[in-house]
Amino acid sequence: MSGTKYWLLKTEPESFSIDDLATCPEQTTCWDGVRNYQARNFMRDEMHVGDGVLFYHSNANPPAIVGTARVVREAYPDHTAWQRGDPHFDAKASPENPIWLMVDIQLEKVFREPIGLDQLRTAPALVGMELLRRGSRLSVQPVKKSEYEAIIKLARQKHR
DNA sequence: GCCAACGTTGGC
DNA sequence: GCCAACGTTGGC
């Protein structure tokens with residue numbers, strides 16, 4: 001599909017891993033808890049059903065891309081923002097003024113072997129990738145089609 | 001646990 | 001609107 005965009009979503013596997021996603025009903029989950037405006041705006045303005053998602057484990061050993069998913073629902077209010085006691089509670093958010101949004105994603109593929117950060121750094125096709133930029137912290141970041149395809153290719157090679 | 005990089009907050 | 005202080009992220 002032309003117009004398909006590609007994204008990388010970060011998660012700490014201790015809080016939500018790709019294996020957790022695999023056990024969700026329909027292998028689908030809402031991507032709640034994003035509390036960064038730039039990340040939110042990507043979801044709100046540019047993410048569409050069918051977009052490709054690289055699933056990244058941060059604060060992991062090793063940090064790695066561990067699989068792929070698809071966007072199956074476009075941005076809608078993140079209700080956890082006004083749930084008192086939720087780790088991502090935001091007193092300024094409410095059903096009338098949600099502030100924060102989320103999308104739904106569905107698992108596509110769990111890589112048999114994760115592609116670690118160090119391997120990503122050595123791939124010529126990935127030079128300049130946002131994830132590899134020093135100090136990159138965005139939890140929702142755009143990925144070039146060429147980068148996405150290069151990573152799929154790396155995952156396939158690992159299988160041989 | 002350290003710390004660099006980055007975002008947010010709030011005084012002025 | 002500046003910017004210092006503070007909190008968070010995330011690799012190591």
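A note on names: the letters A, B, ... follow the listed sequences, proteins ahead of strands, and every chain is numbered from 1. The figures that follow rest on heavy atoms only: side chains count, while hydrogens, waters and symmetry mates do not. Please read these numbers as outputs of a predicted model, since none were measured by experiment.
No close placement of the A:Trp100 and A:Phe89 rings is indicated, their centers lying 6.0 Å or farther apart.
In this entry the distance linking CD of A:Gln38 with P of B:dT8 reads 9 Å, nearest Å. Protein atom CZ of A:Arg121 is 11 Å distant from nucleotide atom C1' of C:dC12, rounded to whole Å. In this structure, the CG atom of A:Leu132 is 16 Å from the C1' atom of C:dT9, given to the nearest Å. Counting to the nearest Å, the P atom of B:dT8 and the CZ atom of A:Arg40 are 10 Å from each other. Rounding to whole angstrom units, CD of residue A:Glu14 and P of C:dG11 are separated by 13 Å. Rounding to whole angstrom units, CG of residue A:Leu117 and C1' of C:dT9 are separated by 14 Å. Between A:His57 atom NE2 and C:dC12 atom P there is a gap of 17 Å when expressed in whole angstrom units. Taking atom CZ of residue A:Arg134 and atom P of nucleotide C:dC12, one finds them 11 Å apart after rounding to whole Å.
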Distance-only check: which donor-acceptor pairs under 3.5 Å involve side-chain atoms of residues 55-63 of chain A, not counting sequence neighbours?
{"residue": "A:His57", "atom": "NE2", "partner": "A:Ile18", "partner atom": "N", "Å": "3.1"}
{"residue": "A:Asn59", "atom": "ND2", "partner": "A:Glu12", "partner atom": "OE2", "Å": "3.1"}

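Between A:Arg133 and the phosphate of B:dC6, there is a side-chain N or O to OP1/OP2 separation shorter than 4.0 Å. Taking 4.0 angstrom as the limit, A:Lys10 places none of its side-chain polar atoms (N or O) nearer than this to OP1 or OP2 of C:dT9. OP1 and OP2 of B:dC6 both lie 4.0 Å or more from every side-chain N or O belonging to A:Tyr37.
When the nearest nucleotides of DNA chain B are assigned to A:Asn59 and A:Lys92 by heavy-atom distance, the more 5′-ward of the two goes with A:Asn59. Where A:His88 and A:Asp118 each meet DNA chain C at their nearest nucleotide, the meeting point lying more 5' is that of A:His88.
Annotation: cation-pi pair A:Arg40/A:Phe42 absent, no NZ/CZ under 6.0 Å from the ring centroid and within 45° of its normal.
Side chain to side chain, A:Trp82 and A:Asp90 fail the donor-acceptor criterion of an N or O pair below 3.5 Å.
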